[in-house]
Amino acid sequence: MAHIIIHGGAGRIDKDREEAGNKIIEKILDEITEVMRDKNLTAIDIVEKAVNMMEDEEMFNAGYGSVLNYDGAAEMDASIMADDGSFGSVASIYSVKNPVSVARKVMEETDHLILNGKGAVDFARVMGFSEFTRLPEGRKKRWKELRKCLDKNETAQGELRYWKKLKHFSNDYYKDREKYGTVGAVCMDITGKIAAATSTGGIWLKLYGRVGDTPIMGAGTYASMYGGASATGHGEAIIKQFLTKRAVELMKDYPAPEALEKAVEEATEKGCSCGLIGVDKCGNAGYAFNTTSMWYGSRKI
Ligand code: GLY
């Protein structure tokens, strides 16, 4: 038996977008089910491919669809982890199409766990990842709207509610510089190996250089012999909870659906806005979230 669960981010998603996103999730799951039948591919290959497919969709906040930082640039975080403890991530990476694949290279080709910023971009080029800077028009338009809200001090708008101190940063502060939902996948393959991967553009109007939960082992992504988990939501709060590590720890004693519910309950008590997906060592998949909605879906073969 093999089982995969994927998410396309949690938050307040309006009805039309929710239906459109759900269709994409189903299409990706149909394709990935075929990939899961290939006995040469492991859980790591499968979660990487699933996250790549979501990174290529404008609908989701990762890769091409990343939300933009304060400067209007896409600055992305991604990570990947296997149940043997192998881990790789990239933080604040830019100008690449599929950050999770660079994270895999960090895991497999370096002695490090995390590469960030220009170092991550230069490493990606050495590894053969070409420059990719295209931004969706819809993201540029929303960036302009949110910057106007910020200028008018309307910081209760959407994800701007997380940035209570952002208004201290004026255009002047940034003028000399050339210039950040989430997606994830957790899989148990047919041999019983487990892997998890997560990729994100972060949160609208984050400061240049901000690192969220996604590239932090045990915060946005975690896997062990007990299971794997991927998180979405408010990165700063997720890091404080070490949310995926806590969820997988709970899988020692509970099947994934209950473990994830408990982890999200604990997070809710601490005011952490989040969603989780995961698979346990018996191949049970589950999800939990305390936001209005979350795009997710699973397949078993
Ligand atoms: N969970 C995505 C972020 O806060 O960066």
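All figures in this text were calculated on a predicted structure; none of them were measured in a lab. The chain is numbered in sequence order, starting from 1. Order of appearance sets the numbers: ligands from 1, and atoms from 1 within every ligand. We use all heavy atoms of the structure for the numbers below, so side chains are in, but hydrogens, waters and symmetry mates are not.
Atoms of ligand 1 lying under 4.0 Å from at least one heavy atom of Gly233, given by number and element, are 1 (N), 2 (C), 3 (C), 4 (O). Residue contact check: Thr182 has heavy atoms under 4.0 Å from atoms 1 (N), 2 (C) of ligand 1.
Taking the side chain to side chain donor-acceptor pair (under 3.5 Å) definition, one finds that Arg139 meets it with nothing, sequence neighbours left out. Residues forming a side chain to side chain donor-acceptor pair (under 3.5 Å) with Glu108 (at least two apart in sequence, or on another chain): Arg104.
The pair Lys193-Asp83 does not count as a salt bridge, with every side-chain nitrogen at least 4.0 angstrom from each carboxylate oxygen. Taking 4.0 Å as the cut-off between side-chain N and carboxylate O, Lys15 and Glu18 do not count as a salt-bridged pair.
In terms of polar-atom proximity, defined here as any N/O pair under 3.5 Å, Asp213 does make such a contact with ligand 1. Polar contact with ligand 1: absent for Ile203 (N/O pair, distance under 3.5 Å). Here's the thing with Gly235: one of its N/O atoms is less than 3.5 angstrom from an N/O atom of ligand 1.
Note: Phe289 and Tyr296 have tilted aromatic rings, judged against thresholds of 30 and 60 degrees for the angle between ring planes.
Ligand 1 has no atom lying under 4.0 Å from any heavy atom of Asp77.
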